[in-house]
2 protein chains.
Amino acid sequence: MHTETITGLTAKVLDIPHVLAADQFGEIVRGSGVVPSEFSYRKDEEIYGEGEPSEYLYQTIGGAVRTYKLLSDGRRQIGAFHLPGDVFGLDPGLEHRLTAEAIVDTTVRLVPRRSLEKAAASNAQVARNLWTLTASDLRHAEDHMLLLGRKTAIERVATFLLEMDRRLAKTGMMALPMCRRDIGDYLGLTLETVSRALSQLNDQGILMFSSARQIALRNRQRLTAMEA
Amino acid sequence: MHTETITGLTAKVLDIPHVLAADQFGEIVRGSGVVPSEFSYRKDEEIYGEGEPSEYLYQTIGGAVRTYKLLSDGRRQIGAFHLPGDVFGLDPGLEHRLTAEAIVDTTVRLVPRRSLEKAAASNAQVARNLWTLTASDLRHAEDHMLLLGRKTAIERVATFLLEMDRRLAKTGMMALPMCRRDIGDYLGLTLETVSRALSQLNDQGILMFSSARQIALRNRQRLTAMEA
DNA sequence: CGGATGGTTGAGCGCTGTCAAGTCTAGTGG
DNA sequence: CCACTAGACTTGACAGCGCTCAACCATCCG
């Protein structure tokens with residue numbers, strides 16, 4: 001049964017504050033009467049490209065996804081990381097505005113947009129959930145503009161750590177799926193600057209590495225004070 | 001009659017590419033059966049504050065509005081400028097996520113959110129228009145994240161000029177309503193850096209000042225090449 | 001074991017910020 | 001009508017944060 005899986009995810013989604021108060025994807029899927037498919041992507045595989053027709057709405061089940069834009073010379077800005085439970089791919093135009101790639105081997109659930117549009121036309125709750133999902137993305141983007149435009153390197157990294165801690169820390173320890181370059185491209189920094197900031201926080205005892213990507217926050221209060 | 005005013009605005013709105021293909025505000029208003037009120041604000045007057053309950057949806061009629069976020073020490077990131085025809089204030093949670101202020105003396109049309117919510121519950125077209133408005137904001141925010149995270153100062157200013165030229169140039173000349181500090185806080189730069197970039201573009205013959213805020217682009221092609 | 005990928009750290013530089021002085025403009029009152 | 005003032009803008013000098021380039025180290029996987 002799907003319900004079991006969906007219910008399992010609901011608890012997870014509730015942990016993600018930027019997805020408001022409910023399992024939007026589950027509600028949308030149930031409201032539209034469509035059975036979602038599952039699909040898997042290998043590490044670094046493209047899920048969809050910027051400019052391609054937007055045909056599906058996705059939910060990450062396992063793994064992690066980055067969505068990004070490129071400048072002509074290759075400079076990259078990652079707009080968001082999509083962790084288990086997160087919904088992505090909802091570009092309510094005809095085309096995707098960012099490229100989506102699997103950061104590690106990733107499984108997603110997906111439903112055709114066409115059936116969502118159809119359901120939204122007659123089911124106000126589905127329409128509202130779709131709107132709320134877009135609004136969540138907007139909220140994140142607004143916060144991220146403040147970070148990119150006005151925060152210093154150490155403040156950006158502090159904000160990033162708190163965001164990831166909130167979203168994927170289970171046992172006080174977080175396992176980052178992305179490399180330093182991805183973090184840099186998310187924060188508008190170089191990978192070296194990210195590395196230096198993390199080392200500095202380690203030296204100050206604010207975090208502890210068990211490996212480069214296994215990080216435990218040891219003092220969230222000081223980190224919160226640093227994010228400005 | 002309202003229709004006259006609304007029709008007058010429609011032509012204007014069509015000039016703004018990030019508002020898609022229609023006068024969303026007008027359609028929403030008509031679909032909800034509410035008569036919008038008008039209200040005026042003086043230069044630098046606050047329209048709503050971050051964290052306040054979001055009670056109205058606004059459309060700029062005359063003047064200009066900035067929406068921004070602040071860090072605790074006063075650093076400011078302007079998320080968007082709202083020029084005549086633009087809709088703002090649509091934060092689909094309970095609270096506004098940014099502060100809105102009039103940049104110059106400004107007149108807005110406004111409708112209560114409550115009546116929109118009500119209309120959206122039964123009128124799918126109203127719901128879709130609200131969603132589309134939020135999606136337009138998201139698209140702008142995604143583009144702006146790329147600018148803030150990855151573009152150089154001169155590229156940011158070039159992008160800004162092309163955006164403003166597109167949105168408010170009438171006779172090949174644009175009259176900027178905002179000061180250099182506002183531009184800097186929009187582009188993640190200081191006002192001095194903005195001023196230097198504009199001077200440089202002037203020296204290169206890419207633009208021409210008739211006064212500090214009256215600017216004519218003389219070579220859009222070179223400017224487009226500079227925005228990366 | 002050896003190579004590849006990812007991460008850390010150092011040295012030096014450059015872009016943009018800071019601080020400051022000077023100019024221009026618009027608005028105000030004499 | 002003009003002097004005065006305040007705010008906005010420009011420009012210069014200098015400094016510093018974060019980038020570039022480079023070397024080295026760690027980990028993973030064949």
Side-chain angles (χ1 to χ4, degrees), chain A residues 42-44 64 66 71 73-77 103-105 147-161 175-204 207-215 226 228, chain B residues 42-44 64 66 71 73-77 103-105 147-161 175-204 207-215 226 228:
Chain A
R42 297 255 189 67
K43 177 171 152 65
D44 295 326
R66 58 181 169 248
L71 292 176
D73 63 358
R75 279 173 287 173
R76 183 178 67 157
Q77 179 62 45
I103 295 174
V104 293
D105 291 353
L147 178 148
L148 294 171
R150 288 305 181 206
K151 292 190 182 179
T152 65
I154 194 74
E155 289 167 352
R156 294 180 200 207
V157 172
T159 303
F160 170 76
L161 287 170
L176 298 176
M178 73 291 284
C179 66
R180 298 292 189 262
R181 179 175 295 279
D182 285 343
I183 299 174
D185 285 351
Y186 178 58
L187 299 179
L189 300 170
T190 59
L191 65 92
E192 293 94 334
T193 299
V194 171
S195 181
R196 276 185 250 270
L198 290 173
S199 296
Q200 180 186 330
L201 293 171
N202 183 43
D203 295 345
Q204 296 175 352
L207 59 81
M208 213 184 69
F209 287 104
S210 77
S211 75
R213 297 194 188 180
Q214 287 276 345
I215 299 179
M226 296 185 74
Chain B
R42 297 253 191 68
K43 176 172 153 66
D44 295 327
R66 58 181 170 247
L71 292 176
D73 63 359
R75 279 174 286 172
R76 182 178 68 158
Q77 179 61 45
I103 295 174
V104 293
D105 291 353
L147 178 148
L148 293 171
R150 288 305 181 208
K151 292 190 182 180
T152 66
I154 193 75
E155 289 167 352
R156 294 179 200 206
V157 172
T159 303
F160 170 77
L161 287 170
L176 298 176
M178 73 290 284
C179 65
R180 299 292 189 262
R181 179 175 295 279
D182 285 343
I183 299 174
D185 285 351
Y186 178 58
L187 300 178
L189 301 170
T190 59
L191 64 93
E192 292 94 334
T193 299
V194 171
S195 180
R196 276 185 250 271
L198 289 173
S199 295
Q200 181 186 330
L201 293 171
N202 183 43
D203 294 346
Q204 295 175 354
L207 60 80
M208 213 185 69
F209 288 104
S210 77
S211 75
R213 299 195 188 178
Q214 287 277 344
I215 299 179
M226 295 186 75

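Every value quoted in this text rests on a predicted model; they were computed, and no experiment measured them. Numbered from 1 within each chain, the chains take letters A, B, ... in sequence-line order.
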Check the distance between [N]'s [atom2] and [X]'s [atom1] and give it to me in whole angstrom.
X        : N      : atom1 : atom2 : answer
A:Leu187 : D:dC17 : CG    : C1'   : 16 Å
A:Leu191 : D:dG18 : CG    : P     : 15 Å
B:Glu192 : D:dG12 : CD    : C1'   : 11 Å

Is A:Arg150 reaching over with its side chain to a backbone N or O of B:Arg75, donor-acceptor style, under 3.5 angstrom?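 Not confirmed, A:Arg150 side chain does not pair with B:Arg75 backbone.
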B:Phe209 backbone acceptor or donor facing B:Gln214 side chain under 3.5 Å: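 No; judged by distance alone, with no hydrogens or angles, the pair does not exist.
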Shortest non-hydrogen contact from [X] toward [Y]:
X        : Y        : answer
A:Val194 : A:Arg180 : CG1-CD, 4.0 Å
A:Leu148 : A:Tyr186 : CD2-O, 3.8 Å
A:Leu71  : B:Ala228 : CD2-C, 4.1 Å
A:Arg213 : A:Cys179 : NH2-CB, 3.2 Å
A:Met178 : A:Ile103 : CA-CG2, 3.8 Å

Quick check on D:dT11: is either OP1 or OP2 less than 4.0 Å from any side-chain nitrogen or oxygen of B:Ser195?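 Looking at the OP1 and OP2 atoms of D:dT11, neither is under 4.0 Å from any side-chain N or O of B:Ser195.
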Is the shortest side-chain N/O distance from B:Arg180 to OP1 or OP2 of D:dT10 below 4.0 Å?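 For B:Arg180, the contact criterion (side-chain N or O under 4.0 Å from OP1 or OP2 of D:dT10) is met.
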Applying a 4.0 Å non-hydrogen cut-off, can you work out what [X] is touching in the nucleic acid: base, sugar-phosphate, or nothing?
X        : result
A:Arg213 : sugar-phosphate
A:Gly188 : sugar-phosphate
A:Thr152 : sugar-phosphate
A:Arg196 : base
B:Leu189 : sugar-phosphate

5′-ward residue of the pair B:Ser210/A:Thr193 relative to DNA chain C: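 Closest to the 5' end, via its nearest nucleotide, is A:Thr193.
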If you assign each of B:Arg181 and A:Lys151 to its closest nucleotide in DNA chain D, which residue comes earlier from the 5' end?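 Upstream on the strand: B:Arg181.
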Closest-nucleotide 5' rank along DNA chain D - winner of B:Ser199 and B:Asp44: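 Closer to the 5' end of DNA chain D: B:Asp44.
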Please find the earliest and latest nucleotides of DNA chain C, in the 5' to 3' direction, that have an atom within less than 4.0 Å of any heavy atom of chain A.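 For DNA chain C, the relevant span reads C:dG6 to C:dA11.
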Nearest listed nucleotide, side chain of B:Ala212, among D:dC9, D:dC19, D:dA22: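 Closest nucleotide among those given: D:dC9.
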